[in-house]
Protein chains: 2
Amino acid sequence: MEQRTQGTPVRRGRGRRPADEVRADVLAAAGALLLRDGLAAFTFERVAQEAGVSKTTLHKWWSSRGTLALDGYFHAVESALAFPDTGDIGTDLTSQVRAFVRLLTKTPAGRIIGGLIGQAQTDPDLAAALSRRYTQPRRELAVATMRRAQDRGQLRADVDPRVLVDQLWGACYHRLLLPDEPLTEEFAEQLVANLLRGVGTG
Amino acid sequence: MEQRTQGTPVRRGRGRRPADEVRADVLAAAGALLLRDGLAAFTFERVAQEAGVSKTTLHKWWSSRGTLALDGYFHAVESALAFPDTGDIGTDLTSQVRAFVRLLTKTPAGRIIGGLIGQAQTDPDLAAALSRRYTQPRRELAVATMRRAQDRGQLRADVDPRVLVDQLWGACYHRLLLPDEPLTEEFAEQLVANLLRGVGTG
């Protein structure tokens, strides 16, 4: 958008950086703020301050505090939730689900995503944003990993990987949101083992 | 508590009935009101009106609207969520999880329990009540059913039934709270089949 006369030195002040660079700074600041101080302390004001941008800029890109928090959350946890690909689906699922459990239990991420899912139950806009910006993309990554395993013959071809998403990561969310039983890495291992080996004797 | 001179006719007016009878009336009224009009319309006032008791009586037994709603919910859904015992764990789990899905999708129960779980994320008292009054007792019923199947040799003895609770009912809650994929009876059947048969090829 910005017009610049050739030869003019680039101003490094705010409003002059390319939009995608500013956006990346905002997401990094939002993610760091969320994981450090939690959802209650998360405001447009503070993100603007930490990212060195104006509140006007933030409001231009994010319609609500909830959607900014979601994008910041996604950004912050993306590397922790990467899907490994060792070629063995049992190994890959176990290490990914264990990493997910660690993220939920050893960092403020669990309380944050729990809070967002909770709010989404009575806030249709947040629910739509949560799905589009976070849970759908995460779900697709998991399904793609499992489809590759089906192509390699490691998972039954007649099984719907979308159902397995609910029986692995969904089971973890269940213990996060309804903490009647502990959410542990051993639990993550059992989730994968139960599905791969089966629990029936027939 | 009540003192009555022998021979005096029993007054049927409010405040004279035995406490457990009044309590049962309140729970029935609370459950019916919840399933009919949802959580937003659920107030002490309206429950008192429909049950024909005073608000003072309600406040004596329930410290908050949330705990009264929980007890009403439990009461209302108890028969729909009974655990069958045909002697075959596959048949029993499939029909129970299908009934759970029907309850969540074909009645207002899904929105109600979703709303309660959502509120519980930021309300520690409600979270404690939800666990003690609803999810723990439901969990225990499921575990008891699966332990019987282990005793009959239909489920592997080395599997923890508490983990299966998260992979069956927890998977349904996942689709209820994060509705990226449909919550159907076919899904319920797949949940049980995946676990009993296993999805690995090894």
Side-chain angles (χ1 to χ4, degrees), chain A residues 39-40 89-90 111 114-123 127 130-131 134-136 138-139 146 149-150 153-181 183 186-187 190-191 193-202, chain B residues 39-40 89-90 111 114-123 127 130-131 134-136 138-139 146 149-150 153-181 183 186-187 190-191 193-202:
Chain A
L39 197 54
I89 190 65
R111 222 157 22 88
L116 288 168
I117 295 171
Q119 279 184 39
Q121 302 313 308
T122 49
D123 180 341
L130 180 60
S131 173
Y134 185 68
T135 60
Q136 287 270 20
R138 293 297 325 166
R139 196 177 252 281
M146 292 190 281
Q150 284 181 314
Q154 293 177 344
L155 283 185
R156 295 171 69 122
D158 62 346
V159 161
D160 184 347
R162 292 171 299 182
V163 176
L164 300 181
V165 171
D166 301 286
Q167 296 190 282
L168 294 171
W169 296 273
C172 296
Y173 277 122
H174 187 232
R175 288 205 175 184
L176 175 75
L177 298 169
L178 294 168
D180 294 321
E181 294 287 341
L183 184 51
E186 192 200 349
F187 172 67
Q190 290 172 300
L191 292 176
N194 286 348
L195 282 167
L196 287 183
R197 302 184 319 183
V199 302
T201 54
Chain B
L39 198 55
I89 190 65
R111 223 157 22 88
L116 289 168
I117 295 171
Q119 279 183 39
Q121 302 314 307
T122 49
D123 180 340
L130 181 60
S131 172
Y134 185 68
T135 61
Q136 286 269 22
R138 295 295 326 164
R139 197 177 252 280
M146 292 190 282
Q150 284 181 315
Q154 293 177 344
L155 283 184
R156 296 170 67 121
D158 62 347
V159 161
D160 184 346
R162 291 171 300 182
V163 176
L164 300 181
V165 170
D166 301 286
Q167 297 191 282
L168 294 171
W169 296 274
C172 296
Y173 276 122
H174 187 232
R175 289 206 173 183
L176 175 75
L177 298 169
L178 293 168
D180 294 322
E181 295 288 340
L183 184 50
E186 193 199 348
F187 172 69
Q190 290 171 301
L191 293 175
N194 286 349
L195 282 168
L196 287 184
R197 300 186 319 183
V199 303
T201 54

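Remember, it's a predicted structure, so these values are computed and weren't measured experimentally. Below, read A as the first sequence line, B as the second, and so on, with proteins coming before strands; counting in each chain starts at 1.
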So what's closer than 4.5 Å to chain B heavy atoms on [X]: side chain, backbone, both or neither?
X	result
R197(A)	both
L195(A)	both
L191(A)	both

Main-chain N/O of Q119(B) paired with Q121(A) side-chain donor or acceptor, under 3.5 Å: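 Pair absent, no side-chain N/O of Q121(A) close to backbone of Q119(B).
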Minimum heavy-atom distance between L155(B) and T201(A), given as atom pair plus value: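 Nearest pair, atom of L155(B) first, then T201(A): C-CG2, 3.8 Å.
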Flag if over 12 foreign heavy atoms under 6.0 Å of CD, E186(B):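 Open.
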Q167(B) portion near chain A, given a 4.5 angstrom heavy-atom threshold: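 It is both, since atoms from each part get that close.
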Residue T122(B) versus chain A: region with a heavy atom under 4.5 Å: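 Nothing of T122(B), per the 4.5 Å heavy-atom cut-off to chain A.
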Rounded distance [0.5 Å steps], [atom1] in [X] versus [atom2] in [Y]:
X	Y	atom1	atom2	value
D166(B)	L183(A)	CG	CG	9.0 Å
L130(B)	L177(A)	CG	CG	10.5 Å
I117(B)	L178(A)	CD1	CG	4.5 Å

Basic-acidic side-chain contact under 4.0 Å: D180(B), R138(A):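 Salt bridge between D180(B) and R138(A), a charged N being under 4.0 Å from a carboxylate O: no.
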L168(A) and H174(B), any side-chain heavy atoms less than 4.5 Å apart: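 Not in contact.
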Residue list, side-chain hydrogen bond (donor to acceptor under 3.5 Å, both in side chains) with D160(A), at least two apart or on another chain: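 Listed in chain order: R162(A).
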Check against side-chain contact (heavy atoms from CB on, under 4.5 Å), V163(A) and R175(B): CA-CA 10 Å; V163(A) 176; R175(B) 289 206 173 183; 4.1 Å; yes
Pick from L164(A), V165(A), L176(A), T135(A) with the largest number of heavy-atom pairs that fall under 4.5 Å of chain B: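 Looking at each of L164(A), V165(A), L176(A), T135(A) in turn, T135(A) comes out on top.
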